[in-house]
Amino acid sequence: MTLAKRQGGGLGAALGFILAVMVLIPLAVGPDQNLLGKLAPGLMWLALLLSVLLTADRIFQQDFEDGSLDVMAMGPLPFEFVTLAKACAHWLTVSLPLAVITPPLGMLMSIDAARLPMLMFSMIAGSFSLSFLAAIGGAVTAGLRRGGLLVSLLILPLYVPVLIFGVAATAGDMGPSGSVPALGVLMALGLMSLVISPWASAAILKAYLR
Amino acid sequence: MQQFANPAKFLKLANAILPYLWAATIILFAIGLYGALVITPPDYQQGEAVRIMYVHVPAAWLGLFVYCLMGFFSAVAFVYRHPLADAAAKTAAPLGAVFCFLALVTGSFWGKPMWGTWWAWGDARLTSMFILLLFYLGYMAIWTSIDEPTRAATIARIVALVGVVNVFVVKFSVNWWNTLHQPASVIRMGGSAIDKSMLWALLVMAVAYTLLFTALHLVSLRSEIAARKLRQQRIAEIGRR
Amino acid sequence: MSKRLRLKADNVSCERGGRMVIENLSFEIENGCLVALRGPNGAGKSTLLRLLAGLNVPSGGKLTLEGGAPDASIPEQCHYVGHSDALKPALTVRENLDFWTDFLGEEKSNSALEGFGLRDLADDQVMFLSAGQKRRLALSRLIPIARPIWLLDEPTVGLDSKSLDRLSSHMHVHLATGGIVIAATHADLGIAVSQTITLGVA
């Protein structure tokens, strides 16, 4: 399954997107180092979110078009496992690398170096649910030719909690009790999406096969 | 072919109820509005601006209520495969979105004199209401972008169910986010704090809104059924050629 | 595979796009049968195959299989080769086959490559293959994994005469060992058809 995904990912484009955003943000906000440092965690989370979103509509599209999903649906594995594997593959090939690569880019935004490990840690924790929720959106648009906008509309509201707690964990010291509870919630969100997403995307894809 | 049998019965029922429903809606709105605008006293703190509440609060309630209803219909459709349930969820969505939008607009009209700004991100309810509106839009987008009706129905069902779960998660996280950013600076208006002289008008308005929704929902459900029949006929015609 | 198999459809109906494509269809197929599905375009041939493969859900009626593996569903005992070939263009021929044999729960083997004469192409990427070669690769899936029922949707499209012969001989072996083949096709399959189901006759 991971093998099948290997060539399909849009990591390159997503990475390029993040870089472009990183360049654009200072241009939009102005080169004020203090302001940038303050905004950086939130903006970087936003960049991560959007770039994962960018790849979401491709998760199932190819398999749907070439008929692989037909055969997978008939196989001995429950279809939920197929979607689970797909989402995991997406996480491993897109979200996780992005979550690892993005924080060092924070240096460009004059982010406080002491915060970087926390940023990376929270992004890795959050990227899990990002991929799994993206799979739901990917399933909805598997059979549509231009699903990009629909994916954004559907998935962005689902990303709200991840964004809130992700930034909270990153910004840590702002909160009353540090970033540990936020990290916990972030992981809980990941678990929740782990439960819901394979089921939901399998059911949606089945509707397309029908 | 239960697909035809059930809607037929429903249509009969809907046609019988609707005139009374409209009458009740109009009467209750008249009472409620009169009560809200004339009888009830102005708030000692908020002055006349409090009257927006009678429009705003029921709209917000319905925005939430309709979403839950949509989730309920979707669950029913999911379990029992009842053809009417999908149509009910589908037609509820635009109405819910309108109530949601109304709540947001009136909320910001209210916010202007009260908070001095049209929009306060600090208010958890405002923010989650906005996300709720996005949900409605996403749900409606599914129906419009998937041509095949049975397929769209199945997918919309699942999205609605996922959405219901998410509404609670969003609510929770926005509340949490809110307390993080501005602890307790928001004006509270809990139910118990409302004086009886105002409460009755608010409740009448809420019932009126609910009736209005029911009436509109029945009407649009009726036209949805008609549209389906038309589609079926057209397809049958093509098949015959 | 010498058990008696009997695939039964009892008043099966299927709806697509709000239209009844198949209405109250009943048939019985026993093992060793080659069944040809015939009928004009849009008569429901593909729909019926997908129905048997569990990809469509019947809106009425029942499909049953007697004498198959008791704890496996009908789709799990079927091979389905549809219009699209279910191949990954970026992987090689061998990788594609290995992936499917692996996924469908069998050991890798070279027999699949031999089956349709793809040995020479084993390490080429699928994106360089012609349509007919891809078709052969898709059909190769049938060989290494033993499934009693083959569901083939227009299997002959794009095949040259040599590959057609190969397909017939594979089907022949499959039928002789007690399998069932259900094929939607307009062309001649090279062996005697034992049963014909004609769809879409109003």
Side-chain angles (χ1 to χ4, degrees), chain A residues 42 129 132-133 135-137 139-169 171-179 181-182 185-186 188-189 192-193 195-197 199-210, chain B residues 67 74-75 77-79 81 86 97 100 121 124 127-184:
Chain A
S129 21
F132 272 77
L133 295 174
I136 300 180
V140 172
T141 52
L144 302 176
R145 245 152 294 135
R146 260 175 304 166
L149 271 177
L150 185 61
V151 167
S152 318
L153 190 55
L154 282 177
I155 298 303
L156 275 181
L158 296 178
Y159 277 178
V160 167
V162 182
L163 180 66
I164 289 176
F165 287 102
V167 174
D173 46 2
M174 270 170 67
S177 44
S179 48
V185 176
L186 214 51
L189 286 174
M192 226 167 105
S193 60
V195 175
I196 295 175
S197 157
W199 169 79
S201 27
I204 292 171
L205 285 174
K206 278 212 173 130
Y208 269 119
L209 295 180
R210 194 167 289 169
Chain B
Y67 198 88
S74 301
F78 198 74
V79 178
R81 320 246 153 218
D86 278 321
C100 214
W121 282 110
T127 312
S128 21
M129 213 60 193
F130 191 57
I131 292 165
L132 190 65
L133 181 64
L134 286 182
F135 258 125
Y136 276 121
L137 294 180
Y139 179 84
M140 283 150 64
I142 287 184
W143 280 102
T144 50
S145 51
I146 300 173
D147 306 322
E148 226 259 283
T150 42
R151 179 176 290 166
T154 320
I155 293 170
R157 257 179 234 160
I158 297 155
V159 170
L161 287 179
V162 171
V164 169
V165 175
N166 194 52
V167 162
F168 289 106
V169 178
V170 165
K171 186 86 192 142
F172 161 71
S173 47
V174 169
N175 274 334
W176 190 86
W177 172 74
N178 187 36
T179 51
L180 179 75
H181 284 264
Q182 11 181 299

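Residue numbers begin at 1 in each chain, while the letters A, B, ... track the order of the sequences.
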| field | Contact origin within A:L189 toward chain B - heavy atom pairs under 4.5 Å | value | side chain
| field | Portion of A:I204 that has a non-hydrogen atom of chain B nearer than 4.5 angstrom | value | both
| Atom CD1 in B:I142, atom OG1 in A:T141: separation rounded to 0.5 Å? | 10.0 Å
| said: Do A:P161 and B:N166 make a side-chain contact, defined as non-hydrogen atoms from C-beta onward lying under 4.5 Å apart? | reply: yes
| said: Within the 4.5 Å heavy-atom criterion, are B:V159 and A:V140 side-chain neighbours or not? | reply: yes
| task | Could you look at A:I136 and say if it's the side chain, the backbone, both or neither that has a heavy atom under 4.5 Å from chain B? | result | side chain
| field | Listed partners of B:A97 passing side chain to side chain contact (heavy atoms under 4.5 Å, CB included), at least two apart | value | B:L133, B:Y136, B:M140
| request: Check whether B:L137 gets within reach of chain A through its side chain, its backbone, both or neither, counting any heavy atom under 4.5 Å. | output: both
| Any idea which heavy atoms bring A:L150 and B:G138 closest together, and the distance? | CD1-O, 4.4 Å
| said: Please report the interatomic distance CG(A:L205) to CD1(B:I155), rounded to the nearest 0.5 Å. | reply: 8.0 Å
| Passing candidate, side-chain contact (heavy atoms from CB on, under 4.5 Å) with B:F135, options A:L158, A:L153, A:L154 | A:L158
